[in-house]
Every structure is written in structure tokens, then in C-alpha cells.
Amino acid sequence: MIDLQDVRYVRLGTRDIEAAIDFACKVVGLELVRREQGCAYFRSDSKDHTLVYFEGDPRDHTLAFEVARGDVLDAAGAELERAGMAVHEGGAEECELRRVQRFIRFRDLTGNAIELVWRPHASGRRYFPSRDAGITGFSHVGLCSTDPARDERFWTEICNARVSDWIGPSPLLRIDDVHHRIALFPTDRSGIQHINHQVESVDDIMRSCYFLQERGVPVVFGPGRHPTSGARFIYFEGPDGMIFEYSCGVSSITDEAAHRPRQFPLEPSGFCMWGSKPNIREFQK
């Protein structure tokens, strides 16, 4: 079994990198830390980076997870190949671009590009936001799935993810004690469905709600509260149709033996206990 330690970064292609940089800094509130070789790197916590925009196809998305040791990375590559997945070992230049010692890359059964990284760089400087959105860190990713039950088996049988809850067919998966680090949403494409950053409090969510409205940024869901994780949230649309989420108060699952996943309906009440209705395709029947 592949032991995933942490969700590390996402890489997103874009046709307009200047607009993407402007949005990531001025709207999301991330810190631009460098630009090189057509890529822009952003921080949201103590990691070297958690988001990269690069000049390329807006459908080109990558999600990365950290593993603990080099031998774990080797064993992961072998296990993925036994499962019939083609594995690419990153070269020196690719590793430098990602600021990691080593990484491997593969595609899951939906076609999502996944990277497993070993010894990713940390930052020696504190995170300094470009606007005060209250961000405390990069937390989870919604991932597209053409067959959530099949992909759930991959993440829970080949990898160490565990189901926390379901919303309709969509499993919310944890790899540590945080309620979920990955959520699989049914759709007809591959890629990242949404990107979540945690913020300090519900006050930050409400401040951002008015901030987004004043600037004409589409708010597509919320403010609300998830009945699954208990998190308060707001979702908004960014460049190339990518959905970003702020949330706070996500629950932790510390007693593995006692936890029983719950089934929530695929309707607005399954996503929000306050009555907000999502304007997000994957959150609708």
C-alpha cells in the first residue's frame, strides 16, 4: 500500500499567465515567490510552493502528494506498475522545477495526472500574503472522476486513503486526521475540480464574500456549512473555470476504530446545512 503523507501542490496550465498571476495574488491572496521557465510559483504556508501556474493547456492539471522516504517512492512505483499504470521517474531538470529531491508521475484510471514526491523543499521564510484573506494553508483538492466507486478503490486499496463520508457517489477521503484531503466528484473529464485553502475563521470567509462580490468574482456556492466536515465555506470561480474554496473549522477524525462513514444525499442539503445551493456542475444531479 502506498503511504501518502500530505497533499503537496497543484500545477495548472493557463493560456493567460499574467491574468492567472493577478488573480492568485490580488483575489486568492497567495504569495508569488518566483517566476521561471514559463511558470509562476505561489505559497500559502510553510511549503516552498503549493500552486504553480504554467503557460500551457488549461486542461493540464497535476496533483502532488508527499511520501516519507526514497524507498517508499520506489515501492510505490513498483506497485503502480503492477496495477498496470505507466510510471515516469522525473529527471533532474523536472525535479528542480518542482523543488523536490525525486518524484514519480502516473495517471489514475480517470486520467488524472498524479505526482508522488520525496523531500520537497520547505521555505525558510514565513508566508507573506499578497492580501489578507486569512489563509493558513493549502488543505485539499476536489478531483474529477469518471467512476467514483472505481477510483475510490484505487485510493483506498492501492493507497492509504480512508473514506470519511459520501455525498451521493462522491467519497471524501482522508490520509491523516483531517476529514478529507481528496474528494472525488463524478464528471466526464479528468483534472482538478476545486482547490481548497483553509482560513482562520468564519470572519475571513464573510470578509472574502463581500470582497469577491465587490470585484465581480463569481461566487458559485456559499457562504455555507458542510454537514460532512462541519467546515464553513465559500467557493468562487477563477481563471480557466477553476473553482477555489476557502473554508475553516474542518473536523478531525482521531479515532479510526470508532469512525463510521456516513451517506449524504446528492442534493443541496448534502453539501450545505444552512441552505446555500451550489452553482457547480459536479455538485448537482
Side-chain angles (χ1 to χ4, degrees), residues 7 10 59 61 63 108-112 139-156 161-175 177-199 201-202 204-206 208-210 212-213 217-238 240-253 258-285:
V7 58
V10 294
R59 297 169 298 181
H61 303 164
L63 170 62
D108 70 9
L109 295 173
T110 285
N112 296 307
S139 182
H140 73 255
V141 167
L143 201 58
C144 292
S145 173
T146 55
D147 186 336
R150 176 202 63 200
D151 292 342
E152 177 188 318
R153 289 191 294 274
F154 168 79
W155 290 103
T156 59
R162 289 89 70 197
V163 176
S164 295
D165 290 307
W166 295 274
I167 307 173
S170 299
L172 309 182
L173 305 169
R174 67 190 185 279
I175 58 173
D177 63 358
V178 175
H179 183 274
H180 60 281
R181 296 294 192 181
I182 318 160
L184 302 177
F185 293 108
T187 188
D188 56 1
R189 62 186 174 95
S190 62
I192 292 170
Q193 187 269 340
H194 78 265
I195 298 168
N196 172 275
H197 291 90
Q198 291 293 294
V199 295
S201 73
V202 71
D204 295 308
I205 289 170
M206 295 310 301
S208 283
C209 178
Y210 294 114
L212 295 166
Q213 290 174 353
V217 177
V219 173
V220 294
F221 192 20
R225 186 172 188 181
H226 291 307
T228 50
S229 68
R232 281 79 77 194
F233 66 82
I234 190 168
Y235 293 74
F236 55 100
E237 187 173 331
D240 308 300
M242 180 55 65
I243 303 299
F244 289 84
E245 179 194 11
Y246 297 137
S247 67
C248 68
V250 64
S251 62
S252 295
I253 295 170
H259 181 73
R260 295 293 181 271
R262 299 162 295 175
Q263 177 70 60
F264 289 85
L266 184 60
E267 58 187 39
S269 67
F271 288 94
C272 181
M273 58 197 302
W274 289 351
S276 180
K277 294 177 172 59
N279 185 22
I280 300 173
R281 180 166 66 106
E282 291 80 14
F283 289 6
Q284 299 167 343
K285 290 184 179 179

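Just so it is clear, the model here is predicted, and its values are computed rather than measured.
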Enquirer: Any donor-acceptor pair under 3.5 Å linking the side-chain atoms of H179 with those of D165?
Expert: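 There is such a pair (donor and acceptor under 3.5 Å, judged by atom type) between the side chains of D165 and H179.
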Enquirer: At their closest point, which heavy atom of A231 faces which heavy atom of S247, and how far apart are they?
Expert: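 Minimum heavy-atom contact is CB-CB, 4.1 Å.
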Enquirer: Under a 3.5 Å distance rule, please check whether R174 uses its side chain to pair with a backbone N or O of V163 as donor and acceptor.
Expert: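 Here the side-chain-to-backbone pair exists.
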Enquirer: Please report the interatomic distance CZ(R181) to CZ(R162), rounded to the nearest 0.5 Å.
Expert: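 One gets 11.0 Å once the value is rounded to the nearest 0.5 Å.
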Enquirer: So, does S276 use its side chain to make a donor-acceptor pair with the main chain of G222 at under 3.5 Å?
Expert: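 Yes, because the side chain of S276 sits within donor-acceptor range (under 3.5 Å) of the backbone of G222.
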Enquirer: For G168, is there any backbone N or O sitting under 3.5 Å from a side-chain donor or acceptor partner on Q263?
Expert: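 Yes, the answer is positive, given that a donor and an acceptor are paired below the 3.5 Å cut-off.
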Enquirer: Rounded to the nearest 0.5 Å, what's the gap from CD1 on I243 to CG on N196? Could you check?
Expert: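 One gets 13.0 Å once the value is rounded to the nearest 0.5 Å.
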Enquirer: Does any non-hydrogen side-chain atom of V250 lie less than 4.5 Å from one of Q198?
Expert: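 Yes. Closest side-chain heavy atoms under 4.5 Å.
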Enquirer: Determine whether a donor-acceptor pair (N or O, by modelled atom type, separation under 3.5 Å) exists between the side chain of S251 and the backbone of S229.
Expert: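 A pair under 3.5 Å: yes.
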Enquirer: If we ignore hydrogens and angles and just use 3.5 Å, is the side chain of N112 paired with the main-chain N or O of C144 as donor and acceptor?
Expert: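 The answer is yes, because a donor-acceptor pair under 3.5 Å joins these two groups.
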Enquirer: When rounded to the nearest 0.5 angstrom, what distance separates OH in Y210 from OG in S208?
Expert: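 Answer for the OH-OG pair, Y210 versus S208, is 12.0 Å.
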Enquirer: Mark yes or no for whether R225, through its side chain, and R232, through its backbone, hold a donor-acceptor pair below 3.5 Å.
Expert: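 Between the backbone of R232 and the side chain of R225 there is no qualifying donor-acceptor contact (under 3.5 Å).
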Enquirer: Do you know which two heavy atoms are closest between P171 and P169, and how far apart they sit?
Expert: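 The answer is CD-O, 3.2 Å.
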Enquirer: Only one of F236, F233, Y246 forms a ring-ring contact (aromatic ring centres under 6.0 Å, His included) with F221, so which one is it?
Expert: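 With F221 as partner, ring-ring contact (aromatic ring centres under 6.0 Å, His included) holds for just one option, F233.
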Enquirer: Do F283 and V220 make a side-chain contact, defined as non-hydrogen atoms from C-beta onward lying under 4.5 Å apart?
Expert: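 No - every pair of side-chain heavy atoms lies 4.5 Å or more apart.
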Enquirer: Which heavy atom of S170 sits nearest a heavy atom of F185, and at what distance?
Expert: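 Heavy atoms of S170 and F185 come nearest at OG-CD2, 3.5 Å.
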Enquirer: Would you check if L173 and T156 make a side-chain contact, meaning some heavy-atom pair closer than 4.5 Å?
Expert: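 Sidechains of T156 and L173: in contact.
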Enquirer: Carefully, step by step, assess W155 and I175 under the rule side chain to side chain contact (heavy atoms under 4.5 Å, CB included).
Expert: CA-CA 10 Å; W155 290 103; I175 58 173; over 6 Å; no
Enquirer: What distance separates I253 CD1 from H259 NE2, expressed to the nearest 0.5 Å?
Expert: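 Here the rounded value is 3.5 Å.
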Enquirer: May I ask you to test the H197-S139 pair for a side-chain heavy-atom distance under 4.5 Å?
Expert: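 Of all side-chain heavy-atom pairs linking S139 with H197, none is under 4.5 Å.
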Enquirer: Apply side chain to side chain contact (heavy atoms under 4.5 Å, CB included) to the pair T187 and T146, showing each step before the final yes or no.
Expert: CA-CA 5 Å; T187 188; T146 55; 5.7 Å; no
Enquirer: Does the side chain to side chain contact (heavy atoms under 4.5 Å, CB included) test come out yes or no for E282 and H194, once each step is laid out?
Expert: CA-CA 10 Å; E282 291 80 14; H194 78 265; over 6 Å; no
Enquirer: Look at R281 together with D188 and state whether they make a salt bridge at an N to O cut-off of under 4.0 Å.
Expert: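 Looking at D188 together with R281, the answer is yes, because their closest N to O distance falls below 4.0 Å.
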Enquirer: Which heavy atom of M273 sits nearest to which heavy atom of H226, and what is that distance?
Expert: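 Looking at all heavy atoms of both residues, the shortest contact is SD-O, 4.0 Å.
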Enquirer: State, yes or no, whether a side-chain contact exists between F244 and L212 at a heavy-atom distance under 4.5 Å.
Expert: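 Side-chain contact under 4.5 Å: no.
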Enquirer: If you define the side chain from C-beta out and look only at heavy atoms, does anything of P278 sit under 4.5 Å from Y235?
Expert: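 SC-SC contact between P278 and Y235 ruled out.
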Enquirer: Rounded to the nearest 0.5 Å, how far apart are CG of D147 and CG of L184?
Expert: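 Going from CG on D147 over to CG on L184, the span is 10.0 Å.
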Enquirer: Just so I know, are the side chains of R150 and T110 near enough to count as touching, which here means a heavy-atom distance under 4.5 Å?
Expert: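 Contact flag for R150/T110 side chains = yes.
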Enquirer: Side-chain contact, heavy-atom cut-off 4.5 Å: L266 with F271?
Expert: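 L266 reaches F271 side chain to side chain.
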Enquirer: Give a yes or no on whether the backbone of T228 and the side-chain of R262 come within a donor-acceptor separation of less than 3.5 Å.
Expert: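 The answer is yes, because a donor-acceptor pair under 3.5 Å joins these two groups.
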Enquirer: Is the backbone of P148 close enough, under 3.5 Å, to the side chain of D151 for a donor and an acceptor to pair up by distance?
Expert: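 No, the answer is negative, given that no donor and acceptor are paired below the 3.5 Å cut-off.
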Enquirer: Could you tell me the separation between the CD1 atom of I280 and the CD atom of E245, rounded to the nearest 0.5 Å?
Expert: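 The CD atom of E245 is 8.0 Å from CD1 of I280, to the nearest 0.5 Å.
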